[in-house]
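Beneath this line is the structure, given in structure tokens, with notes to follow.
Nothing fancy with the numbering, it's 1 onward along the sequence.
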Amino acid sequence: MEIDNTKIESHILKAKEGNQSSFRFLLNTFWGDVYNYQLKRTRSENEAEDIAIQTFSKAFDKIHTFDESYVFKTWLIAISKNVYIDILRKKKTSIFTETTKEQEDKIYLVVDENPTPEDKIIREQNLAKLLRDIKQLKPKYQEVIQLRYFQELSYKEISTQIDEPMNNVKVKLLRAKKLLAAIIKKG
């Protein structure tokens, strides 16, 4: 798939300004590259997915440091490689990021109130069918969808509830919504 570099550069600049739809575009565009890279290394779908979530979490947190003279995909893979090395060093199965209070406060500034195309598809579904579709997701995605849309918790409340950094919550929700929208469209 040929990716328009001008479009990517535009979304990177918008993401640096905190534009949520640009974050979503970058996640959707590069998810497969990061996930497949880690799948080859870990040979575990769950671990590759967790590392990809962690990679995008860190990338979005540090996007302001990205130098446009480099290739964005290469930058993401470097972050992903470092996440994997950190995991090997720690010898733990779960992945967490240390975020400062200041970093978490910045996350609140990103507007997430605008419904995404995925949000619109999800809302239009019959509740019973929607619940069946949600059950097709992996448990970690079911949980964040349930907390966000059925319990109507904020990102911060979800972060506290599942004991993960807010960046991870945001990336998991973006990924869960994309997967759920695909399930709904297929059904």
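Here CG of Asn168 is found 8.5 Å from CG of Asp50. Values are rounded to the nearest 0.5 Å. Atoms CG and CG, on Leu173 and Leu147 in that order, are 8.5 Å from each other to the nearest 0.5 Å. Taking CD of Glu157 as the reference point, atom CE of Met166 lies at 10.5 Å (rounded to 0.5 Å). The OG atom of Ser21 sits 12.5 Å away from the CG atom of Leu27 when rounded to the nearest 0.5 Å. Of the inter-residue distances, the one linking Arg24 atom CZ with Phe60 atom CZ reads 10.0 Å to the nearest 0.5 angstrom. Atoms CG and OG, from Asn5 and Ser10 in turn, are 12.0 Å apart once rounded to the nearest 0.5 Å.
Using the six-membered ring where Trp is involved, Phe66 and Phe72 have ring planes that are perpendicular, over 60° apart on the 30 and 60° scheme.
Comment: Asp61 does not engage Lys58 in a salt bridge, judged by the lack of any side-chain N to carboxylate O separation of less than 4.0 angstrom.
Asn167 and Ser57 get closest at one heavy-atom pair: CB-OG, 2.5 Å. A pairwise comparison of heavy atoms in Ser159 and Pro165 identifies OG-C, 3.8 Å as the closest pair. Listed here is the closest heavy atom pair of Val144 and Ala176: CG2-CB, 4.1 Å. Nearest heavy-atom pair across Gln142 and Ile134 is CG-O, 3.2 Å. In plain terms, the two heavy atoms of Leu26 and Phe56 that are nearest each other are O-CE2, 3.9 Å. Nearest heavy-atom pair across Ala59 and Leu76 is CB-CD2, 3.5 Å.
A donor and an acceptor atom, one from each side chain of Gln38 and Ser80, are located under 3.5 Å apart. Between the side chains of Tyr141 and Gln136, no donor-acceptor pair is found at a separation under 3.5 Å.
Considering only heavy atoms from C-beta on, Leu180 comes within 4.5 Å of Leu130 through its side chain. Using a 4.5 Å heavy-atom cutoff, the side chains of Trp75 and Val71 are not in contact. Within the 4.5 Å cutoff, no side-chain heavy atoms of Thr29 are placed close to those of His11. Two residues are said to be in side-chain contact when any heavy atoms from C-beta on lie closer than 4.5 Å; Thr55 and Tyr37 fail this criterion. Considering only heavy atoms from C-beta on, Gln20 stays 4.5 Å or farther from Phe25 through its side chain. Taking 4.5 Å as the limit, every side-chain heavy atom of Thr160 sits out of range of all side-chain heavy atoms of Leu153. Looking at heavy atoms from C-beta onward, Leu174 lies out of side-chain contact with Lys170 at the 4.5 angstrom threshold. By the 4.5 Å heavy-atom criterion applied to side chains, Asn19 and Leu13 are not counted as neighbours.
A 6.0 Å sphere centred on NZ of Lys81 holds no more than 12 heavy atoms belonging to other residues, nucleotides or ligands. Under a cut-off of 6.0 angstrom, the local environment of CD in Glu45 is sparse, with at most 12 non-hydrogen atoms contributed by other residues, nucleotides or ligands.
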- Test side chain to side chain contact (heavy atoms under 4.5 Å, CB included) applied to Leu131 and Phe150, step by step: CA-CA 11 Å; Leu131 292 173; Phe150 294 97; 3.8 Å; yes
- Message: Before you tell me yes or no, could you show the steps for Ile51 and Tyr35 under side chain to side chain contact (heavy atoms under 4.5 Å, CB included), namely the whole-Å CA-CA distance, both residues' side-chain angles and the distance that decides it to 0.1 Å?
- Response: CA-CA 8 Å; Ile51 294 170; Tyr35 173 79; over 6 Å; no
- Task: Walk me through it: do Ile162 and Lys140 pass the test side chain to side chain contact (heavy atoms under 4.5 Å, CB included)?
- Result: CA-CA 10 Å; Ile162 66 173; Lys140 63 185 169 191; over 6 Å; no
- Residues Ile53, Arg175; criterion side chain to side chain contact (heavy atoms under 4.5 Å, CB included); working and verdict: CA-CA 9 Å; Ile53 287 169; Arg175 187 76 185 136; 5.5 Å; no
- Query: Can you check salt bridge (Lys or Arg N to Asp or Glu O under 4.0 Å) on Lys172 and Glu143, steps first, answer last?
  - Reply: CA-CA 10 Å; Lys172 276 185 181 179; Glu143 181 181 30; over 6 Å; no
- How far apart are the C-alpha atoms of Asn46 and Ser44, what are their side-chain angles, what is the distance that settles it, and do they pass the side-chain hydrogen bond (donor to acceptor under 3.5 Å, both in side chains) test? CA-CA 6 Å; Asn46 283 337; Ser44 161; 5.6 Å; no
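Remark: Glu68 pairs with Lys16 by the salt bridge (charged side-chain N to carboxylate O under 4.0 Å, His left out) rule, at least two apart or across chains. Applying the salt bridge (charged side-chain N to carboxylate O under 4.0 Å, His left out) criterion to Lys73, with sequence neighbours excluded, gives Asp33.
Relative to the ring axis of Tyr155, Arg148 places its NZ or CZ within 45° and under 6.0 Å from the centre.
Under the 4.5 Å side-chain heavy-atom criterion for Ile, Leu, Val, Met, Phe, Trp and Tyr, Ile77 and Tyr70 are members of the same hydrophobic cluster.
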